[in-house]
Participant: 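One structure follows; several queries about it will come next.
Residue numbers begin at 1 in each chain, while the letters A, B, ... track the order of the sequences. Excluded from the calculations below are hydrogen atoms, water molecules and symmetry mates; all remaining heavy atoms, backbone and side chain alike, are included.
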Number of protein chains: 2
Amino acid sequence: MAQARRYAGGVDGNRSLERGIEILRAFRPGVDTLGNGEIAERTGLPRSTVSRLTRTLVNSGMLDEVRAERAYRLAASVISIGHAMRTGSPVLNEIGAMMRAESAKRRLNVGLATADRTMMVYLESIRYSPRAALRNVVAGQQVPMELTSLGRAYLAGIAETRREQLLKLFKRRSAAATKALLADVRTSISSVERDGYCAVSWQPAVLAVATPIVLEGLPVYALNMSLQNVDRSAALASELGAYLNAFAAKCKEVLASR
Amino acid sequence: MAQARRYAGGVDGNRSLERGIEILRAFRPGVDTLGNGEIAERTGLPRSTVSRLTRTLVNSGMLDEVRAERAYRLAASVISIGHAMRTGSPVLNEIGAMMRAESAKRRLNVGLATADRTMMVYLESIRYSPRAALRNVVAGQQVPMELTSLGRAYLAGIAETRREQLLKLFKRRSAAATKALLADVRTSISSVERDGYCAVSWQPAVLAVATPIVLEGLPVYALNMSLQNVDRSAALASELGAYLNAFAAKCKEVLASR
DNA sequence: CCCCCTAATTCCACTTAGTGGAAATGAAGG
DNA sequence: CCTTCATTTCCACTAAGTGGAATTAGGGGG
């Protein structure tokens, strides 16, 4: 009857695979282990189904079983695949080294991110610190799209229809302060259109600027620069913005000739 | 009839989910995009099945579609999940900072890895360089288990039955020099049992030592230290080994009290 | 030490969701 | 414009997957 399509109120696709992926997603940063019960709760799937799917994920090497606590944790395979994603990314390959150099030269944080649903996820985030030992690089960390310069630059870079979809999702997500927030987001988007970048101070004493990178055949990325322990000032923002615009121009040049 | 078990000559599990994961695994480092045809070749799955599963993976956010070349690439979600794995790992959480400090103090590379099938995958690899700008950290990179100090330390740390399974796999994999290689592997394992570490010079002018970390309720890990641009010498190897043993002891202390 | 209680796993009848060969569609090139 | 290769859609078939119920396995008390 059904032709591998449109199962109970869904879109095309393979239900078991979708559910298996949902289970993997249930492991968020900070969550170490999850038992089948907790997974069932978080995903809304029947317990017996979860039991079978986690078994499959263990066999496929995506989950490790912790027999003692009857629980599972993400296995090493997931970072292998993550690594394949990063090394496969043409953008990161081309400009990763430039980002490091720029971070060292300007003494600030430089990041490259793209969207995962309604979050921005860093492909690379180079954290500058005066002490060399504290400098570090993070990949995979998520920050909220609507609250960050990265996310707003991304929104400015994507197709309008998609942007409006996402804005609706934010509205549904945060009950309070929605109106002001959305206005803020739109201001940032205009700022990108006018100046090439937007500045947001999402976290206290951190000033961040970001700009979109739009390339044919690739998802939209956003590039950012940020400084910790500073007072937010318009002058500083426009200085950072100028650095960012110059750097982004250099990146786009390199990427265009790939 | 079939109760979600033992489909055509397989073990228990969900076939579609297994296949979907296989598709994700087909994207190895260096492979940027893959079309459905190539995926079908690499995985041995029927083309129509691949077509449906890739669509599902796109809907689930694990793959990005590149319409222009009718191909797919791994999406940002996979590094989100990879990041969740790393932050969820109690071992990396506890000793990551210590590893950085040790790398800076001893001026050498420090790595933590575990197994993904027959490969070792780095949870963290801290690459020391005299120039601060060149120091970097990699996660997810794979190295062959049977050829590296990391892999051999891991083999020394796991249950004997599992070890013998893996050794058989290596035999099947590399046709040439198998006998000598396996003897080498066993020598390394004895070396771990006797000295606490093993030394291997897998890549030219790189000397590496590694030791297993075995903890209740966690997969076996391996910790390594390595130096580039050195001549292999027994004296240097035992010096590195001593550093490693001291460091591993400190790590185990921290991990025991978690 | 045994028994209860909770949670995970297995069982099983049901039937839909998935399958893969064949047809259709679509892109690239002569 | 027509051919060729590749990818996607179609569709009849049925095995694979489902989820509620029964069962088993842990893990605290009593």
Participant: Pick the closest DNA chain C nucleotide for A/Glu65 and for A/Leu17 by heavy atoms, then say which residue is nearer the 5' end.
Facilitator: A/Glu65
Participant: After noting the C-alpha distance and the side-chain angles of A/Leu150 and A/Tyr122, does the key distance pass the side chain to side chain contact (heavy atoms under 4.5 Å, CB included) rule?
Facilitator: CA-CA 9 Å; A/Leu150 276 173; A/Tyr122 279 104; 3.5 Å; yes
Participant: Using a cut-off of strictly less than 4.0 Å, decide whether A/Ser16 has a side-chain nitrogen or oxygen near OP1 or OP2 of D/dT18.
Facilitator: yes
Participant: Write out all pairs satisfying salt bridge (Lys or Arg N to Asp or Glu O under 4.0 Å) with one or both partners inside residues 74-83 of chain B, taking only residues at least two apart or from two chains.
Facilitator: none
Participant: Verify the contact: side-chain N or O of A/Asn14 to OP1 or OP2 of C/dG18, cut-off strictly under 4.0 Å; return yes or no.
Facilitator: yes
Participant: Hey, is the side chain of A/Ser48 poking within less than 4.0 Å of OP1 or OP2 on D/dG19, counting only N and O atoms?
Facilitator: no
Participant: Would you list the pairs meeting salt bridge (Lys or Arg N to Asp or Glu O under 4.0 Å) in which at least one residue belongs to residues 110-125 of chain B, sequence neighbours left out?
Facilitator: B/Glu22-B/Arg117, B/Arg25-B/Asp116, B/Arg86-B/Glu124, B/Arg100-B/Glu124
Participant: What does the inter-axis angle of the helix from C/dC1-D/dG30 to C/dG30-D/dC1 come out as, five pairs per end, nearest 10 degrees?
Facilitator: 40°
Participant: Could you state the atom-to-atom distance from CG of B/Asn36 to P of D/dT7 in whole Å?
Facilitator: 7 Å
Participant: Given atom CD of B/Glu69 and atom C1' of C/dG26, what is their separation to the nearest angstrom?
Facilitator: 17 Å
Participant: Side-chain donor-acceptor pair under 3.5 Å between B/Glu18 and A/Ser60, yes or no?
Facilitator: no
Participant: OP1 or OP2 of D/dT7 versus the side-chain N and O atoms of B/Thr54: is any pair under 4.0 Å?
Facilitator: no
Participant: Taking all heavy atoms of B/Cys198 and all of B/Val192, pick out the closest pair and write down the distance.
Facilitator: CB-CG2, 3.7 Å
Participant: Between C/dT10 and A/Arg55, is there an OP1 or OP2 to side-chain N/O distance shorter than 4.0 Å?
Facilitator: yes
Participant: Between B/Arg173 and B/Glu146, does any NZ, NE, NH1 or NH2 come within less than 4.0 Å of an OD or OE carboxylate oxygen?
Facilitator: yes
Participant: Would you jot down, in residue-number order, the residues of residues 37-47 of chain B having a non-hydrogen atom under 4.0 Å from DNA chain D?
Facilitator: B/Gly37, B/Arg47
Participant: Can you run down the salt bridge (Lys or Arg N to Asp or Glu O under 4.0 Å) pairs that involve residues 153-168 of chain A, sequence neighbours left out, and say none if there aren't any?
Facilitator: A/Glu164-A/Arg186
Participant: Tell me the interatomic distance from B/Arg15, atom CZ, to C/dA17, atom C1', rounded to whole angstroms.
Facilitator: 11 Å
Participant: How do A/Leu53 and A/Arg70 order along DNA chain D: which one's closest nucleotide is nearer the 5' end?
Facilitator: A/Leu53
Participant: If the cut-off is 4.0 Å, is B/Thr49 near the phosphate of C/dG20, judged by side-chain N/O to OP1 or OP2?
Facilitator: yes
Participant: So, does the side chain of A/Arg52 form a donor-acceptor pair with the base of D/dG19 at under 3.5 Å?
Facilitator: yes
Participant: Rounding to a whole Å, what distance do you find between A/Ile23:CD1 and D/dG17:C1'?
Facilitator: 14 Å
Participant: If you measure only the distance, is there a donor-acceptor pair under 3.5 Å linking the side chains of A/Gln141 and A/Ser125?
Facilitator: no
Participant: Could you go through residues 37-47 of chain B and list every donor-acceptor pair under 3.5 Å that involves a side-chain atom there, pairing it with any protein atom two or more places apart or in another chain?
Facilitator:
from: B/Glu38; atom 1: OE1; to: B/Gly35; atom 2: N; distance (Å): 3.0
from: B/Thr43; atom 1: OG1; to: B/Ile39; atom 2: O; distance (Å): 2.7
from: B/Thr43; atom 1: OG1; to: B/Leu45; atom 2: N; distance (Å): 3.4

Participant: Under 4.0 Å from OP1 or OP2 of C/dT19: is there any side-chain N or O of B/Arg19 that close?
Facilitator: yes
